[in-house]
Every structure is written in structure tokens, then in C-alpha cells.
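Note on naming: letters A, B, ... go to the chains in the order of the sequence lines (proteins, then strands), and numbering restarts at 1 for each one. Because only heavy atoms are used, hydrogens play no part in the values below, and waters and symmetry mates are left out as well, while side chains stay in. Given the structure is predicted, the values throughout are model-derived calculations rather than measurements.
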Number of protein chains: 4
Amino acid sequence: MTKKESLVYAAMELFAENGFEKTSTANIAKRAQVSEALIFKHFTNKDGLLDAVLKQGYADVLKSNKNMLESKDPLSFVHRVIELPYVLYLKHPLFWKMQAQLQTHPKANHAQEHFVKPVKSILANSLRNLGYSNPDKESELILTVVDSVWKKLAVDDNFNIGAKDLIKYIQDKYTIEIKQENK
Amino acid sequence: MTKKESLVYAAMELFAENGFEKTSTANIAKRAQVSEALIFKHFTNKDGLLDAVLKQGYADVLKSNKNMLESKDPLSFVHRVIELPYVLYLKHPLFWKMQAQLQTHPKANHAQEHFVKPVKSILANSLRNLGYSNPDKESELILTVVDSVWKKLAVDDNFNIGAKDLIKYIQDKYTIEIKQENK
Amino acid sequence: MTKKESLVYAAMELFAENGFEKTSTANIAKRAQVSEALIFKHFTNKDGLLDAVLKQGYADVLKSNKNMLESKDPLSFVHRVIELPYVLYLKHPLFWKMQAQLQTHPKANHAQEHFVKPVKSILANSLRNLGYSNPDKESELILTVVDSVWKKLAVDDNFNIGAKDLIKYIQDKYTIEIKQENK
Amino acid sequence: MTKKESLVYAAMELFAENGFEKTSTANIAKRAQVSEALIFKHFTNKDGLLDAVLKQGYADVLKSNKNMLESKDPLSFVHRVIELPYVLYLKHPLFWKMQAQLQTHPKANHAQEHFVKPVKSILANSLRNLGYSNPDKESELILTVVDSVWKKLAVDDNFNIGAKDLIKYIQDKYTIEIKQENK
DNA sequence: TATGAATGAGGTTTCATTCAT
DNA sequence: CATGAATGAAACCTCATTCAT
């Protein structure tokens, strides 16, 4: 790992633990075992480092989750969407913890842009095919749940314990509901 | 309004706008039109001010929402819970924006404690009475949605537009679902 | 002397000795026997301190040199102008040394504005009355000399030795020249 | 142009624009389109680069102005001296702008040494031959004007406009004065 | 109660310089 | 000869907090 990468991952860890504001560049450099000045050589300023951390984080997440939403039938697509936050979180907990910390930072709230928005219309279509009379609202409801789940996972370690069961419960609920819609 | 109160509400505004870390005591004093030193006379330190702000916020919220969850039948209790975040947010948006900002601050995440936890078992009981086979999980699901809704309201102004409709949609969904459970 | 004033004069000394860029705020605070942070409380930033130093300097100079250019006849006005840099420098050497150091700083080159420009047209008029055929150019020449003299005084200690004689020589030269013009 | 030369001229430009202290080695390297490290290979340190810049500058100036003060009769020598700063400045404005910026830098103030001092005694002699009763002081006066002119040219673009006329005026003044001295 | 003056500790950033390649 | 990577020291500035009045 190059020193530049060390800095990115050290920053990701610390931003995840303590948030952006409470993490000093001195601390990041220390954790990366690198001089503080190197941060500014590579990333211009602290915000530039944040950009790099976010970019790296998204790249990592996307790399390991290509095609994860592909599925033949609409029902299994709905299932995929419901388990999405759980699956993503387990693979890159650090990145999502950081995202939760950065929730209000102007630069950071692109999780919505990257993961939620693109899914919204596809999900609505699937739900329409599955017979839902108000697929847009139903889609919005599901995504609200999804959005809540990864944030709770990131913030509350207790939530993790029952999270898998909850996901399963929601998936099953939709399986049943959909059967009834189609009757 | 006393100077002490001015400080509390000035702090609430600024914490809501910019978060705790990015708000300086100098700024709070300026907005309250009061000397910076007064913060420390009244609240010992910045954290003490935060305590006071939270206390005041909860007091305000509770004062205007007494008995808001009381209801005769289980179904209308479920409806009350679902609309809870919307109703609370509209009355005290500043406080909930601040809560969203403070999400990771150790002192602040008592919204759960104060509003969600006490509801959980009652909600589960209501759902049991309404014929749900897994009332605990269903309760958890509803509260997950509820938790997401107020945070989205606080953070995303676009969400506010359709929020009322979404709430209505969810309430209706449970009305129908419950009828079917009881058939 | 208040701490604020201490800072202004400490800064004036150090700017005079080493220039603006080579003087650190830490150093100024040390010389003023005051905390570095106080600079920023009182003057916002280093440039603000420079503003204050210049303002103070001009105030001091003007205070002790009111009406110094008043004179009944044109010839003695010319004499006053010629000796102006010498007289001013002797009273506030520090300020003029600082001005010499700041020559290229955008904020600082107001010596021209404050002392030279206002004199130019009056001097030209006096010279016209004294029979000069090209009073504007002659005025410009005299002011060029004047401008050079204070800068040399400020920068070169050797120049100080003969400066008084040089001033006298120039004054006498104009006395003679003017007699001839008027013949 | 070799990379070394690129560095020298890039530095001269930037020192002229912003002064020595406000010019960073990083900036110089960028303008020269060369690596920063090369500065230290070639010139040991930033001061070494300044030395090289000065040396180069003087060499350039001297090269294009050999024998410029040679003249058969004393009067035209006086004329040459008076126009010296104007002539020199027009050929190498960058170098003289830099000299003005460096006025207080210990290394830089050798313009006096190189150009003014050697002229002083010759000028005094010429003036003696021309009948001046106090040739040393008159020489000093002329050199004071000369010293002022190049600095004003370097610092104030407005001065440039009328500079040529002013020079002419001064030359003519001495022509007339000298005639009268010799009557 | 209320304030203006003051500060120590720490934050981000800049800079000249070194070194391995 | 030339560079990219790296750094220690120091620069300017911010901040929560203290204290005398």
C-alpha cells in the first residue's frame, strides 16, 4: 500500500470513528505513519482528502457489488433491494459508518445519488408489474426502510444483532403481500 | 426572554444549521447578542450548553405533545405512531434538525430513548391484538420507518413535499393489511 | 500603554527592521509581551494589524507636523518642501523605515497619497509665481528629489550623515536660481 | 534555454512581481516547468538562486550597456548620467522591478555599488570642470534624482508616461545652468 | 448578573529542503 | 541531469475557557 493509500484508509477509519470535524490532520498522519505535510502534497487540503476518501469508498463498494441488483423476476428484485443495505454494510462497514458520520456534510451525502436514486424507478416498475396499485409510493416506502437500515447498522451495534432477521421478515412480508395482490 | 434563554435558542439554531463542532461559542454569543463569557457563567462549558439545549428541546416537544399517543383502539394507535415523526417535526423542526446533526454525538442520541423505546412494546402489543403473527418484528419495522422519516424530514427539504402523502399511504396500507389479517 | 498599543508599536518596530513578510505574528506578540492570540482578537488578521500600524503611524506624523508647510512667501514654501522629508524622518524614523520596507505592499504606499500629492499643485503654483517657465515639471523634479531623500534616509544610515548639508545645498540652489529667474 | 536558465528567469519574473519572500520555490519551479528539486541541485538553496538571478541580471544589463557613459565633453556626460536610469530601465524592466522589490534584502542592494558609486567621482569631476563651485554636492543631488527615477519607473506605471519629458527637462535645465556658470 | 480582555492549546496549511531513483 | 515522494519547522489563525472588574 502506498503512503497515499495509507492516508486515505487512515482518514476513512478516523472519519468513521469520530467524524470529519473531530478528526485532525495530525491524527490522520499519525495513524498512517506518515508526515502531516504529505496530506497537503497529495490532496491539497483536508477537504481534498475527504473527496479522495469518498471516491475510494465508492469505488471499493461498487467493485465488490457489480450486478448485485440483477435478477430475472420482479419479486426477487424486490428482495435484492431489501437486503441491499445489509449486504453492502457487511462488506464495507467502515465506509458506511463514515457515511453516517458525514450525513450533514455537504460533500458526502451522495449515497442517495449513487445507490438509492438509480434504484427508485426500476423498483417502482417492478412493483407495478407485481400488481401494486400505487407503485411509486410503495417504492418510496421500501427505500425509506432501506435507508434507515444501513444508517442504524452503522450507528447502533445492537441493531446488528437482529438485523438479519428483520430483513428476512420484510422480504417474507412482501412475498406474501405480492401473492395476495396477484390473486 | 432572559439572556440565558437567548443563549439556549441561539445555540439550538446554530447547532441545527451547522452542527455542534462547527458552531463556536463566539458565534452563539453573537447570535444571542450576549457576551461569550456568559455561556460559561451559566453552563460551565460548551457541553453544558448542549445539555441545556437538549433539555429545553425535549421539554418543548413534550409540552406540546402530551398524550398524543393515547387512543382507544389498537388500529388508531398504529396510525398515531406512523404519523408521529411528521407531527413532531412540524411543531419543532429546529430541534429535530439539531438532532439529525448530533446523530453521532454521545450526549444527543436520546431521541430513541425518549420517543421510540417507550413505544416499542405498546406497539407490539397493539399489533398482537390486531392479529399479527410476529408483532415484535412488525413493530420493529414500523419504528424503523418512523425513525427514517423524521431524519429525512430534518435533512432533506425535498422530502417534505411528499411526506404527508407517504405517511397517509403507510397508514392506509396498515388499515387494509389489518383487515385482511383479521378475516 | 494598553496591550493593543504595545502590539501596534511592536509590529511597527519589527516591520521597520525586517519587513512585513519576514515578521511573524509570534514574534510581534513576543516583543509586545502579549499572547499571539490577542493580535487576532484585536485586529482580525495580520493585515488588519498592518492597517492599524499604518493608521497609527500617519496619525503620529500628522499630529506633530500640523501646518508645517504653511509659509508666507513662495520661496520659503519651496524651502519647506525641500526639507520636509528630513524633518519628518527625524521625528518618526521608525515609521519611515517601515514605509521603505513596505514600498511594494499594496496597502502601504500611501505616503505618496498623504504627503506628496497634496503638495504637488501648491508647489507648482509657488514656482509659477516665482517666475519658472515650466513650473509643473520643476515641481515634479523637486518632489522626485524629496521622495528619494526620505527613502535613502530610511534605508542607508551613511546617507544620514551628509543629508542635512545636502538639503541645505538644494535650498540654497533654489534661492539663487529664483533670484536669477526674477532678474 | 537550459533548464537552469529557465529557473533563473522564472525566478526573476516572480521576484519582480511579488518579491523574494512571497515567491515560493514551488512557484518558481512551476513557472519554469521544471521540478522543484532542480533548484536545489543547481543553486543549493533559495538564496543561491537569488545570487544567480542577480548575477545574471547584472550581466545582461552590463552587456547591453557597455561604454554607455563614455562621452567626449563633460556636459554630455552629465546628460548621459541623467538619462541613465531611463535607458537602463527600458532595456531590462524586469530586472529593475526586481531590484525595487529587493530593496531591503541584504544581498540585493548592489545597484548602488555597481552603477551609482563608480559614477559619483567622475560626475563630480565633470561638474568641477563645468564650473560648479560645489561639485560634490551637485553630484550627490543628481545621483539622488537618478536613484529616484529608476525606482519610480519600476514601481509606478503612471510615472512612466511623463518620465521621458521629465528626463529631457532635467537635461535642459543643466544645459542652461551650466552656460550661466560659465559666463 | 454580565462583560471585555486575555490566553494556551491546537488546527490547517505553507515552505524550503532532502533523498532515493 | 532530473524528478517525485517525503518531511520538520514554522506560519497564520481558531477556539474554548479564565479572570478581573
Atom-to-atom span, [atom1] of [X] to [atom2] of [N] - whole angstrom:
{"X": "B/Leu38", "N": "F/dA16", "atom1": "CG", "atom2": "P", "value": "16 Å"}
{"X": "A/Phe40", "N": "F/dA9", "atom1": "CZ", "atom2": "C1'", "value": "15 Å"}
{"X": "D/Lys46", "N": "E/dC15", "atom1": "NZ", "atom2": "C1'", "value": "8 Å"}
{"X": "D/Phe43", "N": "E/dT18", "atom1": "CZ", "atom2": "P", "value": "16 Å"}
{"X": "B/Glu21", "N": "F/dC15", "atom1": "CD", "atom2": "C1'", "value": "12 Å"}
{"X": "B/Leu50", "N": "F/dC15", "atom1": "CG", "atom2": "C1'", "value": "17 Å"}
{"X": "C/Lys30", "N": "F/dA10", "atom1": "NZ", "atom2": "C1'", "value": "13 Å"}
{"X": "B/Ile39", "N": "F/dT17", "atom1": "CD1", "atom2": "C1'", "value": "11 Å"}

- Item | Any C/Lys3 side-chain nitrogen or oxygen under 4.0 Å from OP1 or OP2 of E/dT7 | yes
- Query: Is any side-chain nitrogen or oxygen of D/Lys41 closer than 4.0 Å to OP1 or OP2 of F/dC1?
  - Reply: no
- Tell me the partner of E/dT21, counting only Watson-Crick (N1-N3 plus N6-O4 or O6-N4) or G-U wobble (N1-O2 and O6-N3) with both under 3.5 Å; none if nothing fits. F/dA2
- Query: Counting only Watson-Crick or G-U wobble pairs whose two distances fall under 3.5 Å, which nucleotide matches F/dA10?
  - Reply: E/dT13
- Message: Using a strict threshold of under 4.0 Å (side-chain N to carboxylate O), is an ion pair present between D/Asp51 and D/Lys55?
- Response: no
- Query: Does a sphere of radius 6.0 Å around NZ in A/Lys30 hold more than 12 heavy atoms from other residues, nucleotides or ligands, not counting ones at 6.0 Å or beyond?
  - Reply: no
- Between B/Lys22 and D/Gln33, which is nearer to the 5' end of DNA chain F once each is assigned its nearest nucleotide? D/Gln33
- B/Ala37 or D/His42, whichever maps to the more 5' nucleotide of DNA chain F: D/His42
- Item | Within-4.5 Å side-chain heavy-atom neighbours: D/Leu102 and D/Phe20 | yes
- Task: Report yes if the side chains of C/Tyr9 and C/Arg31 come closer than 4.5 Å at any heavy-atom pair, otherwise no.
- Result: no
- Item | 5′-ward residue of the pair D/Thr25/A/Thr23 relative to DNA chain E | A/Thr23
- First encountered from the 5' end of DNA chain E, between D/Ser24 and A/Phe20: A/Phe20
- Message: Is the distance between the ring centroids of B/Tyr89 and B/Phe95 under 6.0 Å?
- Response: no
- Closest to the D/Ser35 side chain: E/dT17, F/dA16, F/dT3? F/dT3
- Query: From F/dC13, E/dT12, E/dT17, pick the nucleotide closest to the side chain of C/Asn45?
  - Reply: F/dC13
